[in-house]
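What's counted below: heavy atoms across the whole structure, side chains too, no hydrogens, waters or symmetry copies. From a predicted model like this one, the values you see are computed outputs, not experimental measurements. Just so it is clear: chains get the letters A, B, ... in the order the sequence lines come, proteins before strands, and each one is counted from 1.
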Number of protein chains: 2
Amino acid sequence: MGRGSSVLTRENGPQPADFADVRATNLAVVLRHLRTHAPCSRADIAATTGLNKATVSSLVTDLIDRRLVREVGMTENRIGRPAVMLVLDGSPYAAVGLEINTDYLTAVALDLAGERLLSWRRAFTGTPGQPGQAIASLAALARRTVSKLERERRRVLGLTVAVPGLVDADGIVELAAGLGWQRVDVRKSLLAALGEPGYPLLVENDANLAVLAEQRLGDQSGTGDLVYVTGGASIGAGIISDFRLVRGARGFAGEFGHLPLDPAGPVCGCGRRGCLETYAGLGAVIRRALPDVGIETALSPSEFGPHVDEIQRLAKAGDPQVLEALSETGRHLGHGLAILANLVNPACVALGGYFTALAPWLIPSATEELASRSAAADSGGTRIVASALDSSAAAAGGATRVLDAIDSGSLPTPHR
Amino acid sequence: MGRGSSVLTRENGPQPADFADVRATNLAVVLRHLRTHAPCSRADIAATTGLNKATVSSLVTDLIDRRLVREVGMTENRIGRPAVMLVLDGSPYAAVGLEINTDYLTAVALDLAGERLLSWRRAFTGTPGQPGQAIASLAALARRTVSKLERERRRVLGLTVAVPGLVDADGIVELAAGLGWQRVDVRKSLLAALGEPGYPLLVENDANLAVLAEQRLGDQSGTGDLVYVTGGASIGAGIISDFRLVRGARGFAGEFGHLPLDPAGPVCGCGRRGCLETYAGLGAVIRRALPDVGIETALSPSEFGPHVDEIQRLAKAGDPQVLEALSETGRHLGHGLAILANLVNPACVALGGYFTALAPWLIPSATEELASRSAAADSGGTRIVASALDSSAAAAGGATRVLDAIDSGSLPTPHR
DNA sequence: ATCTTTAGTTGGGACGGTAAACGAACTAAG
DNA sequence: CTTAGTTCGTTTACCGTCCCAACTAAAGAT
């Protein structure tokens, strides 16, 4: 009745199915069930998924052979034969996500169970127009990460790079204003710098990856219609609709920061007037909340952190000027979110970046503004919440994306 | 590398697959191939889809048994054994779409091959706050349509109703401003009025159905990222992203008409200021292009058609005031579309409703505005085009939706 | 000790896709 | 007319996967 009728069908071109597909699908079903419900027994899996007990046994054997699943002890003190409990096997694999941003590089690695293996962050300042240096730094970080994981005898399942900008389907960065990049083939350069590694390497917009992380690792796991808003000098949105990332024809969806709110508004860096960023970007908040901070020169990205901390401190202390500044910022943000919500009607908007730290003071006015501008009653069900993830969200999303591929049936080979 | 890895996998909950799914998938593959490539032979299908010849034979036999496919003659004058050509069998089935709008009711029926069996339109004026009457009229139209089709010995595969408003996943119309409806359970009422018919009955937003029609029947067939904009007194958008309709958590996505363009703009019917509708809605165009037409009273919906015709005539004649009015309207429309395009990055925006007739004069300025407001170069690849469909687009989309369900593998029973 | 309950395995059956061989039906050419 | 060559579609044997039912296994309950 509801969404898709056949499990196996896709809407686009002819894609015939055979038994291998059935097997892959069911392996993935078991894997996903185990990811969310571990530890549990074969019998549990059969009962919950509807698969036959015999089939589950066969699937689990296969997954154990591939070292994706491990048996771990038995249930006790219960009527009947004790059950062998199963969990995802964390140890033999790792998924890597990297993020490059204006002032830092991040690396995150997750094991198959989603446990964080490492979380590195280093300061970084790229020279606009010189993406080569930045990619070299990124490659160095990738090498260090991968070799650390390989020293732990883990196999790297894939690596995804988050870039704050427009990334097309082939991993070419069309435009990244904050980095000063234009038409940079990050995927190709990085593949070359890493010596054509065996694992898949992908490049994706940072907000798109962050929303994946929010869906998988954050509070909103299980929500099928979700938006994540990055908050920094620039603002971007990652949109998930019906469990799928909205990328658009070229992969440029989610350009949220330059949403025009007011044709008579202040001039934005992009040359137009009244963009959301000029009202709710980090610069605007700092100007509003901390007017003593110099406004004449553009703030350096590395200065942002302390200012946000200061704003948070003052807000906690109840400073009226700061509270009003945040309330006003929230209203503008809510204005922008209302536009987004009317167009894609998410169940939830998660505020990331600097918004997360200031969320308690932004959300009330943003929610109010959203409600007043929503076509549907009750804001169409859209709630605004603070992201549960920290600034490594995009990198974590990159690793998550690798795990998603595994969960969708493209399993690693049975292990040599 | 690109989109999904496994054919059978969906991202959400555990959905095990078995043989029936394989069969359904492959039946659907053949059906879809035939829809786009008919007439063609079994051998063609096998070669193009990658399915085995024997499998195709078996699948085709099955489809012929279900009377979905028909053999039609042979190839001649060719080396080798002549091929038996196959086409979708139009005759035994029909899919029905209805539309209710402020001033008309529409019924469209398509056969399996997508050929139009009937296209009815009748004037209609509902009393706001009295949805019961309107539903009775709709039910009468549905009955007439269905009985005509059954007299032709066709089986109705399904019926979908398009409503210009917010429709949730259960077919409840949350709000339809133009009709004066609020929380009307159209699906339930109509099911009751039709005596619980055997075919599936669904209710959906008009723009959502129109975009399906545009993708399937219009010029944009095959495009996976597409937007359709309805243009009448109110404006709505139907969004398809990666071949799937973007509905949102409650089904309220695509609320486009009340996009705020300017907080200092004119007051809109919704109570806010500067909504897109006040700039690009039909009323605004008429006021701009035909200032002699009374503006003091709200225009009745039934008056719209002649005015649009008049504007079109004057535009063709080169009337400078009308050309300027359309150019300005196009600019505002482009402004709104830029917001939409930055968020979902469609390959194409199709202009429907009254926009279609006036498209030649709207598109140039709209395209220019879109380009100047796009974050990506080249407008992110988004083109603005006139819809190839007429005012029955939403109803046709309703019928298309029924066919989509068939094409996705939920085939009718083998025929008694 | 026996019964009950639950877990997981085994063997048989059905189903559907694959591959290769085959007959059918045509054209081309001697 | 005969023979070769081509292509279509079916037939046959095979294999992999799932399902079902019966079975074994291992515990607590009586």
Q) Salt-bridged, A/Glu150 to A/Arg155, with N to O below 4.0 Å? A)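 Here A/Glu150 does not pair with A/Arg155 in a salt bridge, since their nearest N and O are not under 4.0 Å apart.
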
Q. Can we say A/Asp407 and A/Arg216 salt-bridge, meaning some charged N sits less than 4.0 Å from an Asp/Glu carboxylate O?
A.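 Judged by the 4.0 Å cut-off on N to carboxylate O distance, A/Asp407 and A/Arg216 do form a salt bridge.
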
Q: May I have the step-by-step check of side chain to side chain contact (heavy atoms under 4.5 Å, CB included) for B/Arg244 and A/Arg244, ending in yes or no?
A: CA-CA 9 Å; B/Arg244 304 217 309 191; A/Arg244 303 218 308 191; 3.2 Å; yes

Q.
OP1 or OP2 of C/dC15 versus the side-chain N and O atoms of B/Arg23: is any pair under 4.0 Å?
A. no

Q. Are OP1 or OP2 of C/dG16 and a side-chain N or O of B/Asn26 less than 4.0 angstrom apart?
A.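 So the side-chain polar atoms of B/Asn26 never come under 4.0 Å of the phosphate oxygens OP1 or OP2 of C/dG16.
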
Once you round it to whole Å, what is the distance between [atom2] of [N] and [atom1] of [X]?
| X | N | atom1 | atom2 | value |
| --- | --- | --- | --- | --- |
| B/Asp44 | D/dG9 | CG | C1' | 12 Å |
| B/Leu86 | D/dC8 | CG | C1' | 12 Å |
| A/Leu59 | D/dG16 | CG | P | 16 Å |
| B/Ile45 | D/dT7 | CD1 | P | 18 Å |
| B/Leu27 | C/dG16 | CG | C1' | 11 Å |

Q. In Å, rounded to the nearest 0.5 Å, how long is the span from OG1 of B/Thr55 to CZ of B/Arg23?
A.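 One finds 8.0 Å between OG1 of B/Thr55 and CZ of B/Arg23.
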
Q | Spacing of B/Thr48 atom OG1 and B/His37 atom NE2 [to the nearest 0.5 Å] | A |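 Result: 6.5 Å between the selected atoms.
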
Q. Is there a side-chain contact between B/Asn26 and B/Leu51, using heavy atoms and a 4.5 Å cut-off?
A. yes

Q | A/Ser41 side-chain proximity, nearest of C/dG8, D/dC19, D/dT17 | A | C/dG8

Q. Among D/dG9, C/dC15, C/dG8, which is the nearest nucleotide to the side chain of B/Arg42?
A. D/dG9

Q: At under 4.0 Å between heavy atoms, which parts of nucleotides 20-30 of chain D does protein reach? Answer with one letter per nucleotide, 5' to 3': B base, S sugar-phosphate only, - none.
A: B----BBBSS-

Q: Using a 4.0 Å heavy-atom cut-off across all strands, classify A/Val56 as base, sugar-phosphate, or nothing.
A: nothing

